[in-house]
Amino acid sequence: MKTDPEAFIRANTTLMPPPHVPEISLHLASEAHELWLKTEEELEAIGLPPPFWAFAWAGGQGLARYVLDHPEVVRGKRVLDFASGSGLVGIAAVMAGAREVIANDIDPWAETAVRLNAEANRVSLGFTGADLIGQAVDADIVLAGDVFYDRAFADALVPWFATLAADGKRVLVGDPGRSYLPRDRLEFCAVYEVPVTRALEDSEIKKTTVWRFAISTRHEISKMFPTNLT
């Protein structure tokens with residue numbers, strides 16, 4: 001890294017609560033437009049990948065709200081917060097009584113953001129930067145906020161989530177209507193009206209739904225995704 005992540009995060013964010021999850025405080029970009037719209041050259045110069053961790057995305061806010069409102073979903077369970085970003089959902093899971101929470105994100109900057117946000121909320125959670133897609137996970141529940149924004153990413157996630165669900169894992173997804181959401185594979189849990197940053201979204205409120213990934217048998221999965229399973 002060309003820039004120290006902790007120093008950059010502290011200098012370019014403000015500790016504040018996401019609007020839909022006021023119980024939690026995060027180091028968030030106080031001026032989303034300026035930080036998010038840095039050019040690729042500017043980001044490369046400081047060694048910064050796109051700073052997803054600096055914003056409380058609608059899907060994550062909705063999923064965190066659901067976990068806090070329904071603590072029985074995670075209480076006493078081992079939780080994986082996939083594509084964690086800021087760590088919002090994982091922090092909510094700890095607060096709701098999860099036995100163990102691991103945040104996962106391949107962005108190395110997210111590890112620092114998660115640590116700082118966990119410290120700010122006086123909770124403890126683990127972190128892994130491994131690419132877990134397609135792998136077995138040592139968790140009872142997988143939480144994924146706002147992950148269906150890219151076609152290639154969604155194409156990789158759907159068979160993996162289907163396999164995890166078939167193996168008995170509960171997979172919960174928070175999504176504000178992203179383009180590649182696999183609606184035919186999902187079961188409705190709850191819906192929220194989530195305030196968001198207009199600089200990043202097309203409105204100030206995003207209708208955000210929490211879904212459970214439907215359970216399929218391995219035979220059904222192999223027919224749908226024959227090249228993705230061994």
Side-chain angles (χ1 to χ4, degrees), residues 9 13-33 35-36 50-74 79-98 101 103-105 107 109-110 113-114 116-118 120-123 125 141-150 153-154 157 161 170-181 183 186 188-213:
I9 291 171
T13 64
T14 300
L15 191 63
M16 66 178 78
H20 207 61
V21 197
E23 301 94 326
I24 295 174
S25 293
L26 302 173
H27 291 271
L28 301 175
S30 54
E31 180 44 71
H33 193 271
L35 181 56
W36 187 251
F52 292 105
W53 47 264
F55 307 100
W57 300 89
Q61 287 197 62
L63 188 52
R65 180 77 270 149
Y66 181 79
V67 167
L68 291 173
D69 289 348
H70 302 275
E72 69 280 359
V73 172
V74 300
V79 175
L80 174 68
D81 176 16
F82 173 73
S84 183
S86 67
L88 169 61
V89 177
I91 291 168
V94 176
M95 289 182 167
V101 179
N104 166 240
D105 203 298
D107 180 356
W109 285 66
V114 169
L116 292 175
N117 290 331
N121 292 278
R122 299 181 180 180
V123 301
L125 64 162
I141 299 176
V142 177
L143 305 176
D146 233 325
V147 294
F148 290 108
Y149 54 85
D150 175 83
F153 196 36
L157 290 181
F161 284 172
R170 177 176 292 193
V171 181
L172 297 180
V173 173
D175 189 273
R178 300 300 184 200
S179 298
Y180 304 106
L181 180 71
R183 293 179 179 274
L186 303 173
F188 174 86
C189 294
V191 64
Y192 302 98
E193 299 288 330
V194 179
V196 292
T197 302
R198 178 174 283 278
L200 302 178
E201 302 283 8
D202 55 4
S203 65
E204 294 181 351
I205 301 290
K206 295 290 285 187
K207 182 178 179 181
T208 300
T209 305
V210 175
W211 306 91
R212 179 174 180 174
F213 216 83

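The model shown is predicted, which means the values in this text are computed figures rather than measured ones.
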Q | Any Tyr180 side-chain heavy atom under 4.5 Å of Leu157 side chain | A | no
Q. How close do Pro176 and Lys206 get, heavy atom to heavy atom, and via which atoms?
A. O-CE, 3.8 Å
Q: Applying side-chain contact (heavy atoms from CB on, under 4.5 Å), run through Asp105 and Phe52 and close with a yes or a no.
A: CA-CA 10 Å; Asp105 203 298; Phe52 292 105; over 6 Å; no
Q) So Trp53 and Trp109, would you call those rings parallel, tilted or perpendicular, with 30° and 60° as cut-offs? A) parallel
Q) What is the minimum heavy-atom distance between Ala113 and Gly85, and which atoms define it? A) CB-O, 4.5 Å
Q) Out of curiosity, Ile91 CD1 to Asn121 CG, how far, rounded to the nearest 0.5 Å? A) 5.0 Å
**Q.** Atom pair NE2 (His27) and CG (Leu15), whose distance is rounded to the nearest 0.5 Å
**A.** 4.5 Å
Q) Can you tell me how far CZ of Arg178 sits from CZ of Phe153, rounded to the nearest 0.5 angstrom? A) 13.0 Å
Q: Would you give the length of the straight line joining atom CG of Leu88 to atom CG of Leu28, rounded to the nearest 0.5 angstrom?
A: 8.5 Å
Q: Check side-chain contact (heavy atoms from CB on, under 4.5 Å) between Asn104 and all other residues, then give those that pass, not counting sequence neighbours.
A: Leu80, Phe82, Thr128, Leu132
Q) Looking only at heavy atoms, what is the nearest atom pair of Val73 and Ile141, with distance? A) O-CD1, 2.7 Å
Q) Can you list the steps and then say if Thr209 with Asp175 is a side-chain contact (heavy atoms from CB on, under 4.5 Å)? A) CA-CA 5 Å; Thr209 305; Asp175 189 273; 5.9 Å; no
Q: Determine the minimum heavy-atom distance between Val196 and Ala58, stating which atoms define it.
A: CG1-CB, 3.6 Å
Q. Rounded to the nearest 0.5 Å, how far does CZ of Phe55 lie from CG of Leu26?
A. 12.5 Å
Q) What pairs with Val114 under side-chain contact (heavy atoms from CB on, under 4.5 Å), at least two apart in sequence or on another chain? A) Ser84, Ala103, Leu125, Phe127
(Q) Test of understanding: with side chain to side chain donor-acceptor pair (under 3.5 Å), list the residues that count as partners of Glu23, not counting sequence neighbours. (A) Arg65
Q: Not counting sequence neighbours, which residues clear side chain to side chain donor-acceptor pair (under 3.5 Å) with Asp150? List them please.
A: none
Q. Which residues satisfy the side-chain contact (heavy atoms from CB on, under 4.5 Å) test with Ala83, sequence neighbours excluded?
A. Val147
Q.
Quick check: closest heavy atoms across Ala93 and Leu143, and the distance to 0.1 Å?
A. CB-CD1, 4.2 Å
Q) Is there a side-chain contact between Pro195 and His20 (heavy atoms, below 4.5 Å)? A) yes
**Q.** Spacing of Thr208 atom OG1 and Trp57 atom CH2 [to the nearest 0.5 Å]
**A.** 12.5 Å
(Q) Which heavy atom of Cys189 sits nearest to which heavy atom of Leu172, and what is that distance? (A) SG-CD2, 4.2 Å
Q.
Under the rule for side-chain contact (heavy atoms from CB on, under 4.5 Å), what residues qualify as partners of Arg183, not counting sequence neighbours?
A. Leu181, Trp211
